[in-house]
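First the structure, in the form of C-alpha cells, and then the observations on it.
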Amino acid sequence: QVQLVESGGGLVEAGGSLRLSCSASVSIGGMVVMGWYRQVPGKQREFVAAFSSSGTDYADSVKGRFTVSVDTAKNTMYLQMTTLRPEDTAVYYCNLDLRFWGQGTQVTVSS
C-alpha cells in the first residue's frame, strides 16, 4: 500500500520561507506525476505544483515563489516556498499519480 507522508509545515511570517517534504513508501522512479495541492476550510482543494517526466507546472498564484523538485533516490518530493503570503495559509497535501494522497501538513503565514 502506498503511503505518502508530508512534513515541514509550520508558522512563518509573511515574506518568509518553508520547505515541505513528501516521503513515499514506494519507489517513485516510475511515477507519472507527483504534485502538491492545498486546501483551506470551506474551499475546494486546489492545485499548487507538479513534477513529471515532462517537467514542472505551477499555479499562477505561486509561480516565481515556489519550486517543486524530486529526489528519486530518497523517494521524496519537495516544495520550496519563498516570499510567503498570508493567502498561502492552508493544509498542503502531496499526491502521487493522481491516485494517492498524504495526510497533509499545515502551513500558516502571519501578516
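Scope of the values below: all heavy atoms of this structure, side chains included, with no hydrogens, waters or symmetry mates. No experiment lies behind these values; they were computed from the predicted model shown.
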In the single-linkage hydrophobic clustering (I, L, V, M, F, W, Y; side-chain heavy atoms under 4.5 Å), do [X] and [Y] co-cluster?
X	Y	value
V48	V91	no
L98	F100	no
V2	F51	yes

Does [X] reach the main-chain N or O of [Y] with its side chain, forming a donor-acceptor pair under 3.5 Å?
X	Y	value
S17	T82	no
D97	R99	no
E6	Q103	yes
N75	I28	yes
T108	L11	no
Q39	A90	no

Heavy-atom distance under 4.5 Å between the side chains of [X] and [Y], does that happen here?
X	Y	answer
C22	Y93	no
W101	R45	yes
W36	V68	yes

Minimal non-hydrogen separation, [X] against [Y], with atom names:
X	Y	value
Q80	L18	NE2-O, 3.6 Å
S111	A14	CA-CB, 4.4 Å
S25	Q3	OG-N, 2.7 Å
A24	L4	CB-CD2, 3.6 Å
G29	T72	CA-CG2, 4.2 Å

Worksheet item: Which pairs, with at least one residue in residues 21-41 and sequence neighbours excluded, count as a salt bridge (Lys or Arg N to Asp or Glu O under 4.0 Å)?
Response: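 The answer is R38-E46, R38-D88.
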Separation between [atom1] of [X] and [atom2] of [Y], rounded to the nearest 0.5 Å:
X	Y	atom1	atom2	result
K63	R65	NZ	CZ	13.0 Å
S23	K74	OG	NZ	9.5 Å
F66	L20	CZ	CG	8.0 Å
L84	T89	CG	OG1	8.5 Å

Worksheet item: Could you walk me through whether L79 and Y92 pass the side-chain contact (heavy atoms from CB on, under 4.5 Å) check?
Response: CA-CA 10 Å; L79 185 67; Y92 284 70; 4.2 Å; yes
Worksheet entry | Pair V70-T76, side-chain contact (heavy atoms from CB on, under 4.5 Å): steps then yes or no | CA-CA 6 Å; V70 168; T76 300; over 6 Å; no
Discussion item. Test side-chain contact (heavy atoms from CB on, under 4.5 Å) on N95 and M34; report intermediate values, then the result.
Written reply: CA-CA 6 Å; N95 178 278; M34 289 191 76; over 6 Å; no
Discussion item. Using 30° and 60° as the class boundaries, would you call the ring planes of Y37 and F47 parallel, tilted or perpendicular?
Written reply: perpendicular
Worksheet item: For Y78, which residues count as a ring pair (Phe, Tyr, Trp, His ring centres under 6.0 Å) partner, sequence neighbours excluded?
Response: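 Result, ring pair (Phe, Tyr, Trp, His ring centres under 6.0 Å) vs Y78: none returned.
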